[in-house]
Amino acid sequence: MRLAQTAAGQARAAGEVPVGAVLVRGNEVIATGFNHPIGAHDPSAHAEMAALRAGAQALGNYRLPGCELYVTLEPCLMCAGAIMHARIARVVFGAHDPKTGACGSVVDAFANEQLNHHTNVSGGVLADECGEALRSFFADRRRASREARRAARAQTGDEAHTQTGAAGPDETAG
C-alpha cells in the first residue's frame, strides 16, 4: 500500500485526484498507476485502470490471474468491472469511497454471486493515511478556488474603481 501511496503522490503532483494503484504477483511489482483523467482527457484513466493496462502489457495477457491490486481508494464500478475481467485474485484498498465505492460503500460488485469471477476484497488498509491524502487535496483545491474568486472580485472592483474614478473605501476623493 505504501507504493500505491507513492503513486497517488504522482497524481497529486500532476494536479489530479491523488489515487494510486500497484499490481503485484507474488513478491513482484508488475505495474503501478495513478489517476490522470484530466491530463489524459480520458474518463477511464483511473489509477486501477492504468495499473491494469500496464500490467497486461508487461505480462502479455489481458488476464492477470494470481495478481493482487493495491489501491489507495475503494474502486468505482468501472474499475471493479475491469478488475473482474482481468481476473484479479485480490483487491486491497485504503480509504472507503462513500460516493462511488463499488466494494461495499455504495454497491458491492464483488459480492454478486451471478458473476463468473470472484475477487477477494480487503478494505481499510492504511485508511486514515489514504483518506487524509484525499481530504487535504480537496481542502487545498477549495482554498485555491476561494482565493481565485477573491482575486477575481478584487480585480473586478479595481477595474470598476479605475473606470469610474471614484474613491475606494480606503481612499479619499481628491
Side-chain angles (χ1 to χ4, degrees), residues 1-111 117-145:
M1 188 61 75
R2 296 280 183 213
L3 291 175
Q5 289 175 310
T6 299
Q10 292 177 280
R12 184 180 186 125
E16 304 273 0
V17 176
V19 178
V22 177
L23 185 68
V24 176
R25 184 170 62 186
N27 291 326
E28 180 185 3
V29 173
I30 305 298
T32 63
F34 60 87
N35 258 15
H36 61 284
I38 298 167
H41 308 290
D42 179 358
S44 71
H46 289 194
E48 302 93 323
M49 301 294 277
L52 292 173
R53 285 181 186 124
Q57 290 298 308
L59 297 176
N61 192 348
Y62 75 104
R63 300 287 169 115
L64 304 168
C67 290
E68 297 180 350
L69 185 67
Y70 292 80
V71 61
T72 58
L73 181 65
E74 179 180 1
C76 70
L77 198 52
M78 173 185 68
C79 292
I83 289 164
M84 283 184 237
H85 284 288
R87 304 297 195 258
I88 298 297
R90 180 174 174 230
V91 171
V92 179
F93 69 87
H96 289 269
D97 186 347
K99 294 184 178 182
T100 65
C103 298
S105 290
V106 177
V107 297
D108 192 348
F110 297 102
H117 177 73
H118 300 282
T119 300
N120 292 320
V121 177
S122 300
V125 175
L126 299 177
D128 291 340
E129 292 177 41
C130 293
E132 181 54 34
L134 290 158
R135 281 188 294 279
S136 70
F137 172 80
F138 287 112
D140 289 348
R141 198 155 90 171
R142 285 189 299 274
R143 188 176 315 107
S145 179

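Quick caveat: nothing in here was measured; it's all calculated off a predicted structure.
Of all non-hydrogen atoms in Ile83 and Val91, the two that sit nearest each other are CG2-CG2, 3.7 Å. The two residues Ala7 and Gly20 make their nearest non-hydrogen contact at CB-CA, 3.8 Å. Heavy atoms only, all atoms of each residue included: Ala40 and Ala45 are closest at CB-CB, 4.2 Å.
The shortest side-chain heavy-atom distance between Phe110 and Met84 falls under the 4.5 Å cut-off. For the pair Met49/Met78, a side-chain contact is recorded, criterion being any heavy-atom separation below 4.5 Å from C-beta on.
Applying the side chain to side chain contact (heavy atoms under 4.5 Å, CB included) test between Cys103 and each of Pro75, Ser122, Cys79 identifies Pro75 as the sole match.
For Asn35 (side chain) and Pro18 (main-chain N/O), no donor-acceptor pair under 3.5 Å exists by modelled atom type. At least one donor-acceptor pair closer than 3.5 Å links the side chain of Glu74 to the backbone N or O of Ser105. Formation of a donor-acceptor pair under 3.5 Å by the Glu16 side chain with backbone atoms of Ile38 is found in this model. Of the possible polar contacts, one joining the His117 side chain to the Ile88 backbone as a donor-acceptor pair under 3.5 Å is found.
The salt bridge (charged side-chain N to carboxylate O under 4.0 Å, His left out) analysis of residues 86-103, with sequence neighbours excluded, yields the pairs Glu68-Arg90.
More than 12 heavy-atom neighbours from other residues, nucleotides or ligands sit within 6.0 angstrom of CD on Glu132.
Residues that satisfy the salt bridge (Lys or Arg N to Asp or Glu O under 4.0 Å) test with Arg142, not counting sequence neighbours, are absent from this structure.
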